[in-house]
Protein chains: 2
Amino acid sequence: MKQKILLVDDEADALEVLGYNLAKAGYEPILATDGHAALQLARDQRPALVVLDLMLPGMDGLDVCRILRSSPETASLPIIMLTAKAAETDRIVGLEIGADDYVTKPFSPRELLLRIKKLLARTQLTDDPSSHLRVGDLDLDSARHTVLAQGKPVVLTATEFRLLELLLRRRGRVQSRERLLTDVWGYENVIDTRTVDTHMRRLREKLGPSAALLETVRGVGYRCVNPA
Amino acid sequence: MKQKILLVDDEADALEVLGYNLAKAGYEPILATDGHAALQLARDQRPALVVLDLMLPGMDGLDVCRILRSSPETASLPIIMLTAKAAETDRIVGLEIGADDYVTKPFSPRELLLRIKKLLARTQLTDDPSSHLRVGDLDLDSARHTVLAQGKPVVLTATEFRLLELLLRRRGRVQSRERLLTDVWGYENVIDTRTVDTHMRRLREKLGPSAALLETVRGVGYRCVNPA
DNA sequence: CCGGACCGTCACGGGTTTGTCACAATTCCA
DNA sequence: TGGAATTGTGACAAACCCGTGACGGTCCGG
């Protein structure tokens, strides 16, 4: 599944070029030329990252940044700022506006791509390994040991819980049965790999419609999909 | 009153930067570059939270973590671990070393700030050091060492009292038997985990109907429910 | 020295969880 | 299309987990 990148810049030409480069690199670019559109798209499209020009007509990049940060849904969205002058960067970093990285214009598409890749890798590794996990309409809290599917509480056994937690934590990546066995069950191959299937079945049964997030990858294992 | 945050990292530069950012965000950073200093400062300065690098010269982060957990004064001190590799994280959070959260290097100051904020919010809700705790129809006074269930006084033994207090303080979050043993009984004692069950039983017996607040989470431990 | 309060351990029993298996359903490829 | 490989499903017995009552030991005040 392609990762969505929201690009915000008021120069249509530059935007096109960036979008083209991102698409070529395997991302799914979403384009916006002003702050309001950007906020709307950030909410609706759930991009994995935002590239935000500092200079925008009307609401400028800093405002957009602040608003994104203030909403819990987008508070942890990685943001890369584009700035025209090197001098401006001091202001941004120094004042802790909330951007994760910045790139000074002019820059090569290659440079931006590198930064995007790096930032994505960084945030996806650390993305909420804390107690609270939210994927699609699933809510898992490992400290409380509770799970909500579509807002309604679901009672899971200890193993079911660990299994779901692991899949959610490593969402997007396929987990082989062997992998799941060693990571959920702990010990080595004392357990039949088919046991994983049985637990997946029980898990899906309890999760109801939300179980659609848990995919079977034939011949390989299971994975939790990354919702749009 | 600013909240103190204890930062422990052996790289002085990184420490400075983090400290600067925390100060900017309204916290009062306390800096330490090795484990011994960290322990000393944790005792003397009473920080609200500790950010602990896993890699330290001499005593490493895990040791510090364990020692902090073993002393009743710092047992419930929130700890965020900094780790270089994502692979190490399983060991920390998964295996009950005792850290509350972890952040993988490299990270942006914003990421760490978010985590700190989140963890503080989480723990301050329940770890309120005030002497009077009220959950549901339970009333616990740490200073006076008295408990009221449905308004009527209940006589608890010392162990029962500490057990109840811990569960109430950390209400909502599941506490494993191991965790309860180290935090209520202290680490030097090698005590059977089933002992916890017995004390829970005695506690429930004395609390009568109010014992409904104390839930068993099968295969995991015990928790005090949060009456919304 | 005795009795009681408190504590840690243990064995038992019931209910739940779990691993396994056989079989049905599905998917994939020849 | 047909058959082989793979996965979903239902059932079941063993294993496990936890509540419970009982027991012995320690400590302390009378």
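The sequence lines fix the lettering, A, B, ..., with proteins before strands; numbering per chain opens at 1.
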*Asks:* Give a yes-or-no answer on whether the side chains of B:Thr216 and B:Arg204 include a donor-acceptor pair shorter than 3.5 Å.
*Replies:* yes
*Asks:* Can you see whether A:Ser210 engages A:Asp137 through a side-chain donor-acceptor pair at a distance of less than 3.5 angstrom?
*Replies:*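 Their side chains do contain a donor-acceptor pair, which is all the 3.5 Å distance test asks for.
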*Asks:* Rounded to the nearest 0.5 Å, what separation is found between the OG atom of B:Ser142 and the CZ atom of B:Arg169?
*Replies:*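 The distance works out to 4.5 Å.
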*Asks:* Ignoring backbone atoms, establish whether B:Thr216 has a side-chain N or O less than 4.0 Å from OP1 or OP2 of D:dC18.
*Replies:*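 For B:Thr216, the contact criterion (side-chain N or O under 4.0 Å from OP1 or OP2 of D:dC18) is not met.
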*Asks:* Between the base of D:dC18 and the side chain of B:Arg218, is there a donor-acceptor distance below 3.5 Å?
*Replies:* no
*Asks:* Could you check how far CG of A:Leu163 sits from P of C:dT17, rounded to whole Å?
*Replies:* 16 Å
*Asks:* Expressed as a whole number of angstroms, how long is the span from A:Gln175:CD to D:dT7:C1'?
*Replies:* 18 Å
*Asks:* Counting only heavy atoms not in A:Glu16, do more than 12 sit closer than 6.0 Å to its CD atom?
*Replies:* no
*Asks:* Counting the atoms with a prime plus P, OP1 and OP2 as sugar-phosphate, which does A:Val155 contact under 4.0 Å by heavy atoms, base, sugar-phosphate, or nothing?
*Replies:* nothing
*Asks:* OP1 or OP2 of C:dA5 sitting under 4.0 Å from any side-chain N/O of B:Thr157?
*Replies:* no
*Asks:* When the distance from CD1 of B:Ile191 to P of C:dG8 is rounded to whole Å, what number comes out?
*Replies:* 5 Å
*Asks:* Within this structure, what is the CG-to-P distance between B:Leu181 and C:dT9, rounded to whole angstrom?
*Replies:* 9 Å
*Asks:* Is any side-chain nitrogen or oxygen of A:Tyr222 closer than 4.0 Å to OP1 or OP2 of D:dT6?
*Replies:* no
*Asks:* Verify the contact: side-chain N or O of A:Trp185 to OP1 or OP2 of C:dT18, cut-off strictly under 4.0 Å; return yes or no.
*Replies:*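 For C:dT18, OP1/OP2 do not have a side-chain N/O of A:Trp185 under 4.0 Å.
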*Asks:* Whole Å only: how far is the CZ atom of A:Arg223 from the P atom of D:dT7?
*Replies:* 14 Å
*Asks:* At a heavy-atom distance below 4.0 Å, what parts of residues 193-209 of chain A sit against DNA chain D?
*Replies:*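 Heavy-atom cutoff 4.0 Å gives A:Arg194, A:Asp197, A:Arg201, A:Arg202, A:Arg204.
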*Asks:* Okay, side chain of A:Lys206, backbone of A:Val155: is any donor-acceptor separation there less than 3.5 Å?
*Replies:*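 Side chain of A:Lys206 to backbone of A:Val155, a donor-acceptor pair under 3.5 Å: yes, one is there.
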*Asks:* Just grab all the side chain to side chain donor-acceptor pair (under 3.5 Å) pairs involving residues 27-42 of chain B, residues at least two apart or on different chains.
*Replies:*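 Checked against side chain to side chain donor-acceptor pair (under 3.5 Å) - neighbours excluded - the pairs reaching residues 27-42 of chain B are B:Gln40-B:Asp44.
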*Asks:* If you check every side-chain atom of B:Arg177, which of D:dC18, D:dT7, C:dT20 has the closest atom?
*Replies:*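 Among the listed nucleotides, the one closest to the side chain of B:Arg177 is D:dC18.
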*Asks:* Return yes if a side-chain donor-acceptor contact under 3.5 Å exists between B:Gln175 and B:Arg170, otherwise no.
*Replies:*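 Yes, B:Arg170 and B:Gln175 have a side-chain donor paired with an acceptor closer than 3.5 Å.
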